[in-house]
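The structure appears below as structure tokens.
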Amino acid sequence: MLDPQLLRESPDLVRAAIAKKHLDVDLDAFLELDRSWRSSLQEVEALRTRQKAANTAMAALPKGSPEFQAKVTEMKSVSAEVRERENALKQIEEKWRQAMLTLPNLPHASVPEGKTPEQNVVHARNGSTEEPRPHARPHWEIAGFDRLFDFARGAKVTGAGFPFFIGDGARLVRALLNFFLEEDAKAGYVEVSPPIFVNAASATATGQLPDKEGQMYETVDKLYAVPTAEVPLTNFFRDEILEESALPVRRCAYTPCFRREAGSYGKDVRGLNRLHQFDKVELLKWVHPATSYDELEKLRQDAERLLQKLELPYRVLLMCGGDLGFSQSKKYDLEVWAAGQKRWLEVSSCSNFEAFQARRAQIRFRAKESGKPELVHTLNGSGLAVPRVLAALLENNLQTDGRVKIPAALVPHFGKDHLSFA
RNA sequence: GGAGAGGUGGCAGAGUGGUCGAAUGCGCAUGCUUGGAAAGCAUGUGUACUCGCAAGGGUACCGAGGGUUCGAAUCCCUCCCUCUCCGCCA
């Protein structure tokens with residue numbers, strides 16, 4: 001949610017910023033709504049003032065006295081009017097709230113111009129994509145793949161996109177999760193194991209609702225399976241005021257992530273590239289607004305380090321305005337090279353939300369100077385998404401003998417230096 | 001799942017229709033006192049929205065939402081949560 005004050009005082013600035021995201025937003029309609037909300041509010045407040053004054057006067061009057069009865073009669077009509085105007089106000093407020101929820105966050109000045117993913121800027125590259133790998137092939141074509149990653153049984157038991165991980169496949173998932181969590185702990189993130197279902201208020205605070213409910217699995221009692229640990233993690237401090245000295249708070253969490261992925265078909269969905277359920281470790285920070293862009297760089301580096309230690313070639317994209325999400329101010333994507341598919345796979349997305357989520361979620365800190373509550377800035381990034389990292393490992397590290405070499409950093413967690421499909 | 005009790009300010013805890021944004025205590029802040037501290041004394045101590053150049057006003061909030069009433073922390077309804085006992089169970 002944006003700062004309503006900023007909208008009122010500098011609508012042109014907001015308009016220009018939103019234009020960078022290439023979204024179509026009717027600010028004038030909102031501003032008009034805002035004006036009528038304020039005048040309606042003032043009407044109601046004036047009437048309430050009258051009611052309160054009458055209430056005090058009546059308390060001092062003998063009950064049943066003529067003066068008292070006269071007041072009752074007088075205030076009955078005021079009461080009716082209050083009811084009417086309050087209903088009108090409530091309706092406007094609801095519209096106002098809905099309108100606010102549809103306004104996107106503003107991009108940071110350093111976000112490059114651009115409309116399409118092609119206009120994202122390659123910020124950095126690490127490792128070679130040119131190394132000859134004659135045996136490389138898409139991971140789903142590797143001999144024995146189906147023994148470790150059983151999509152057919154998964155489809156039978158649950159549905160497409162819910163594979164079984166078996167033997168070394170399951171073991172590699174567990175090793176990766178362990179490796180990620182251990183490394184994240186070393187980087188100062190406190191591990192959290194959160195609920196994997198959240199209520200509507202939580203999904204709204206992080207921006208999944210109201211627009212993206214079609215992307216989440218919903219239970220009969222209106223709980224949502226988390227699409228990412230970001231949701232329960234961010235909501236941990238919802239409606240709370242932290243001490244300034246507690247900032248920055250850094251946390252990480254492993255959860256399975258559930259995404260309906262409605263409407264995505266085709267090449268992207270082969271193998272482990274896109275699943276309805278997948279494992280991911282998420283990094284989250286609550287920081288002082290003055291430091292959030294430094295913290296974003298650190299967050300990106302924390303995620304990058306994982307890929308470096310896994311010896312996987314990757315690149316960092318700085319997202320252009322048009323490819324930024326609804327609620328982000330600035331975002332880096334980390335993409336790992338999959339030598340078999342000969343394409344980049346997104347394995348992490350590191351974003352600064354500034355106060356956008358914090359305002360929706362009312363996460364604040366008490367500023368030492370003023371003693372007043374201020375909104376924190378929130379940031380999050382994957383560290384990392386398991387199946388795509390796994391896919392890249394299979395494709396890049398496939399040996400001539402059909403086995404897959406396990407990177408040195410992972411060997412202590414995996415327990416051996418090769419994965420076997422046999 | 002069944003039965004009962006309860007949700008009030010940072011905490012504890014009063015308040016069953018009006019003068020209650022709310023007693024009192026603790027905590028916290030500032031000042032006085034002191035060589036310094038404690039104690040003591042005094043004053044202050046929520047959040048949000050809104051009007052105003054400002055000084056300063058106004059309104060809302062007693063778990064949430066609705067209702068009754070001229071008027072609701074207080075009465076009624078629905079929901080959520082916590083606790084105790086029973087049942088069930090990883």
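Keep in mind that what you see is a predicted model, and the values were worked out from it rather than measured. The chains referred to below are lettered A, B, ... by the order of the sequence lines, with proteins before strands, and numbering in each begins at 1. The figures that follow rest on heavy atoms only: side chains count, while hydrogens, waters and symmetry mates do not.
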**Report entry** B:C51 and B:G63, which share atom name C1', separated by this distance in whole Å
**Finding:** 31 Å

Query - Rounded interatomic separation in angstrom, taking NZ from A:K90 and P from B:A60 - result: 13 Å

Query raised in the report: Is any side-chain N of the basic residue among A:R35 and A:E32 closer than 4.0 Å to the acidic one's carboxylate O?
Result: yes

Query - First of A:Q51 and A:F68 reached from the 5' end of RNA chain B, by closest nucleotide - result: A:F68

Query raised in the report: Looking across every strand, which nucleic acid part, if any, lies under 4.0 Å from A:W96 by heavy atom: base, sugar-phosphate, or nothing?
Result: nothing

Query raised in the report: Using the C1' atom in both, what is the distance from B:U34 to B:C26, to the nearest Å?
Result: 25 Å

Report summary line: From CD of A:E240 across to C1' of B:G10 the rounded distance in Å is 13 Å

Report task. For nucleotides B:G21 and B:C62, find the distance between their P atoms and express it as a whole number of Å. Result -> 12 Å

Report task. Please work out if A:K71 contacts a base, only the sugar-phosphate, or nothing of the nucleic acid, heavy-atom cut-off 4.0 Å. Result -> nothing

Query raised in the report: Taking only side-chain nitrogens and oxygens of A:T73, does any of them come within less than 4.0 Å of OP1 or OP2 of B:C70?
Result: no

Report task. Find the distance A:E243:CD to B:G10:C1' and express it as a whole number of Å. Result -> 10 Å

Query raised in the report: Hey, is the side chain of A:R48 poking within less than 4.0 Å of OP1 or OP2 on B:A60, counting only N and O atoms?
Result: yes

**Report entry** Atom OH of A:Y217: over 12 foreign heavy atoms under 6.0 Å
**Finding:** yes

Query raised in the report: Between B:C49 atom P and A:E93 atom CD, what is the distance in whole Å?
Result: 12 Å

Query - Base-pairing assignment for B:C70 (Watson-Crick or G-U wobble, both under 3.5 Å) - result: B:G18

**Report entry** Candidates B:U47, B:U50, B:C70 - which lies nearest the side chain of A:R366
**Finding:** B:U47

Query raised in the report: Salt bridge or not for A:K309 and A:E183, using N-O below 4.0 Å?
Result: yes

Query raised in the report: According to the Watson-Crick and G-U wobble definitions, with both distances under 3.5 Å, which nucleotide is paired to B:U24?
Result: B:A12

Report task. Measure distances between side-chain N and O atoms of A:K63 and base N and O atoms of B:G18, and say whether any donor-acceptor pair falls under 3.5 Å. Result -> yes

Requested in this report: Output yes when A:R50 and A:E74 qualify as a salt bridge under the 4.0 Å nitrogen-oxygen rule, no when they do not.
Outcome: yes

Query raised in the report: Considering only the P atoms, how many Å lie between B:C32 and B:A38, rounded to the nearest integer?
Result: 14 Å

Report task. Could you check whether the rings of A:F151 and A:F145 sit parallel, tilted or perpendicular, using 30° and 60° as the cut-offs? Result -> parallel

Requested in this report: Among B:U59, B:U19, B:C49, find the nucleotide with the atom closest to the side chain of A:A59.
Outcome: B:U19

Report task. Please state the P separation for the pair B:G10 and B:G4 - nearest whole angstrom. Result -> 33 Å

Report task. Using the P atom as the reference point in each nucleotide, state the distance between B:G18 and B:G71 in Å, no decimals. Result -> 14 Å

Query raised in the report: OP1 or OP2 of B:U59 less than 4.0 angstrom from a side-chain nitrogen or oxygen of A:T49, does that happen here?
Result: yes

Query raised in the report: To the nearest angstrom, how far is A:N55 atom CG from B:A72 atom C1'?
Result: 10 Å

Query raised in the report: Which one is paired to B:A39, where only Watson-Crick or G-U wobble pairs with both distances under 3.5 angstrom count?
Result: none

Requested in this report: For B:G1 versus B:U74, give the span between their C1' atoms, rounded off to a whole number of Å.
Outcome: 33 Å

Query raised in the report: Now, which nucleotide makes the Watson-Crick or G-U wobble pair with B:C49, with each of the two distances under 3.5 Å?
Result: B:G58

Requested in this report: Take atom CZ of A:R364 and atom P of B:G46, then tell me their distance rounded to the nearest Å.
Outcome: 14 Å

Query raised in the report: When the C1' atoms of B:A14 and B:U50 are considered, how many whole Å apart are they?
Result: 33 Å

**Report entry** Interatomic distance where NZ belongs to A:K372 and C1' belongs to B:U47 [whole Å]
**Finding:** 9 Å

Query raised in the report: When you match A:R50 and A:M58 each to their closest nucleotide on RNA chain B, which lands nearer the 5' end?
Result: A:R50

Report task. Check whether any side-chain heavy atom of A:R8 sits under 4.5 Å from a side-chain heavy atom of A:D34, and report yes or no. Result -> yes

Requested in this report: Tell me the partner of B:U82, counting only Watson-Crick (N1-N3 plus N6-O4 or O6-N4) or G-U wobble (N1-O2 and O6-N3) with both under 3.5 Å; none if nothing fits.
Outcome: B:A5

Requested in this report: State, without any angle test, whether A:Y254 and A:E282 hold a side-chain donor-acceptor pair at a distance under 3.5 Å.
Outcome: no

Requested in this report: State whether the distance check finds a donor on one side and an acceptor on the other, under 3.5 Å, for side chain A:E45 versus base B:G58.
Outcome: yes

**Report entry** Length of the line joining A:Q42:CD and B:U59:C1', which is rounded to integer Å
**Finding:** 11 Å

Query raised in the report: With both distances under 3.5 angstrom, what nucleotide forms a Watson-Crick or G-U wobble pair with B:A90?
Result: none

